[in-house]
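Here is the structure we will look at, set down as structure tokens.
As the structure lists them, so they are numbered: ligands from 1, and atoms in each ligand from 1. This is a predicted model, so every value here is computed, not measured.
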Amino acid sequence: MWFKPWKKDKVESLDQVAMDRLPRHIAIIMDGNGRWAQKRALPRSMGHRAGVETLRKIVKTCSKLEIQVLTVYAFSTENWKRPKDEVGVLMTLLAEYLRKELKELHQNNVVIRTMGKTKDLPLEAQRELAHAMKSTRDNTGLILNLALNYGGRSEIIDAVKSLSKEAVSGTLRIEDIDELRFSETLFTRGLPDPDLLIRTSGEMRLSNFLLWQLAYTEIVVVEELWPDFGEKALIAAIVAYQKRDRRFGGIHTN
Ligand code: FPP
């Protein structure tokens, strides 16, 4: 095996987190809902429902820790390939989550934001999203960024098209296209790149998630299936992140 498997430390409480070195932006690939349900001989929909409950708890913890941004992969452009019923369940859960949780999210000062082609989502989900974003836009706490109908490659292609159009129309000089300009053309404009990516359920892949933005992100893959992931597991991932030596391609100078 070429990589050193991550040995999870026993983490009991928030005391082990260095509050002055928290990740500003945490991104999560919430994987394993289906397997969680299968292990219990339950329908996959129950796994997704349990997954929403985990999301609720993790948002609360991130808020408590004063993390700036939490981006979660809730529905990818590839997820349309799932059976129609499962897609329907995911969309219903999204609308339900926003309806039921909005009050608490608002009380916790959370700002709801989305990334992805949300115009292609069912109308009910779009309505709830618009309402949630409008209601929370003046909040100043955690930004909960929901990746919905999101794909990293198509995001990059769309950015290329948009910059090309500006260049062709003469409003942008090719020489002015740099990394900052490119980043500001993506859905994540205005947000720092993720410092920490967590993927649950042990899979070691990016699955078309934030391909540009993850360039220097620390990755922590945990064995827990998403519905089993909780506050302690999140804290353990943050502690693991804090032990990493981030060099951004340079060398350590102190
Ligand atoms: C992956 O599990 C999970 C998803 C495709 C969707 C994630 C969705 C949620 C956590 C709930 C809905 C979200 C919101 C915002 C309400 P999987 O089904 O691929 O699991 P498997 O790999 O074990 O089959």
Side-chain angles (χ1 to χ4, degrees), residues 26-63 69-106 108 110-118 120-122 124-133 135-136 142-152 187 197-210 221-231 233-234:
I26 300 178
I28 307 186
I29 301 178
M30 311 182 284
D31 194 14
N33 296 347
R35 273 162 286 171
W36 183 92
Q38 198 181 16
K39 270 170 66 180
R40 289 162 179 76
L42 293 169
R44 290 177 62 82
S45 58
M46 295 301 284
H48 294 312
R49 202 165 267 287
V52 175
E53 191 47 35
T54 301
L55 177 63
R56 214 177 59 77
K57 289 189 228 156
I58 295 303
V59 169
K60 233 175 163 171
T61 306
C62 286
S63 226
V69 190
L70 172 67
T71 296
V72 291
Y73 209 2
F75 193 85
S76 74
T77 44
E78 288 73 32
N79 287 154
W80 295 110
K81 292 183 210 152
R82 295 189 176 208
K84 216 171 146 218
D85 283 359
E86 185 169 340
V87 171
V89 165
L90 286 166
M91 293 303 153
T92 305
L93 284 174
L94 169 66
E96 207 179 284
Y97 169 75
L98 293 169
R99 234 186 343 261
K100 285 193 187 156
E101 295 303 317
L102 188 57
K103 198 167 158 212
E104 195 177 325
L105 289 166
H106 197 36
N108 286 328
V110 173
V111 180
I112 310 268
R113 177 170 166 158
T114 60
M115 58 184 293
K117 296 186 175 168
T118 51
D120 298 330
L121 298 178
E124 200 207 349
Q126 287 192 50
R127 263 197 298 271
E128 294 296 341
L129 279 169
H131 177 58
M133 287 195 290
S135 322
T136 61
L142 174 76
I143 297 173
L144 172 60
N145 187 26
L146 300 167
L148 291 161
N149 195 19
Y150 172 80
F187 287 120
L197 170 74
I198 300 170
R199 179 163 189 152
T200 57
S201 90
E203 311 281 358
M204 302 276 186
R205 53 176 174 267
L206 292 183
S207 302
N208 203 15
F209 191 43
L210 297 169
V221 174
V222 301
E223 288 302 322
E224 283 106 334
L225 305 172
W226 175 248
D228 293 327
F229 191 78
E231 179 166 288
L234 175 68

With heavy atoms and a 4.0 Å threshold, my read on which part of W226 contacts ligand 1 is side chain
- Please confirm whether the backbone N or O of D31 pairs with a side-chain atom of T200, one donor and one acceptor, at under 3.5 Å? yes
Between T54 and W226 (side chain of the first, backbone of the second, donor and acceptor by atom type, cut-off under 3.5 Å), is there such a pair? yes
Residues passing the salt bridge (charged side-chain N to carboxylate O under 4.0 Å, His left out) test with K57, sequence neighbours excluded, are none
Test side chain to side chain contact (heavy atoms under 4.5 Å, CB included), reference T136, set V110, L144, I112, output is I112
**Prompt:** Is a side-chain donor or acceptor of R56 paired with a backbone partner of V52 at a separation under 3.5 angstrom?
**Reply:** no
Are any of the N/O atoms on R35, whether in the backbone or the side chain, positioned under 3.5 angstrom from an N/O atom of ligand 1?
yes
Answer yes or no: does an N/O atom from N79 fall short of 3.5 Å to an N/O atom of ligand 1?
-> no
So the atoms of ligand 1 within less than 4.0 Å of a heavy atom of L94 turn out to be 15 (C), 16 (C)
Per-atom filter on ligand 1: closer than 4.0 angstrom to a heavy atom of V52 are 11 (C), 12 (C), 16 (C)
The protein heavy atom nearest to atom 4 (C) of ligand 1 is M30 O, 4.1 Å
Atoms of ligand 1 under 4.0 Å from any heavy atom of A74, numbered from 1 in the order shown, are 6 (C), 7 (C), 8 (C), 15 (C)
Checking L93, D85, T92 against V89 for side chain to side chain contact (heavy atoms under 4.5 Å, CB included), the one that qualifies is L93
The atoms of ligand 1 lying under 4.0 Å from a heavy atom of H48, numbered in the order shown, are 11 (C), 18 (O)
for atom 20 (O) of ligand 1, nearest protein heavy atom and its distance come out as G34 N, 3.0 Å
With heavy atoms and a 4.0 Å threshold, my read on which part of R82 contacts ligand 1 is side chain
Residue set satisfying side chain to side chain contact (heavy atoms under 4.5 Å, CB included) with T118, at least two apart, ordered chain then number -> T114, L121, L129, L148
The closest protein heavy-atom partner of atom 9 (C) of ligand 1 is N33 ND2, 3.6 Å
Heavy-atom closest pair (M30 atom, Y73 atom, distance to 0.1 Å) is CE-O, 3.4 Å
key: L55, any N or O under 3.5 Å of ligand 1 N or O   = no
field: Under 3.5 Å: donor-acceptor pair, side chain of N145, backbone of T71
entry: no
Review point. For ligand 1, is there an atom lying under 4.0 Å from some heavy atom of R44?
Key: yes
**Message:** Tell me whether R44 contacts the main-chain N or O of A37 through its side chain, where contact means a donor paired with an acceptor under 3.5 Å.
**Reply:** no
Note: Q38, heavy atoms under 4.0 Å from ligand 1, region reported as neither
Counting from 1 in the order shown, the ligand 1 atoms closer than 4.0 Å to a non-hydrogen atom of L93 are 16 (C)
Going by the 4.0 angstrom heavy-atom rule, the piece of V72 near ligand 1 is neither
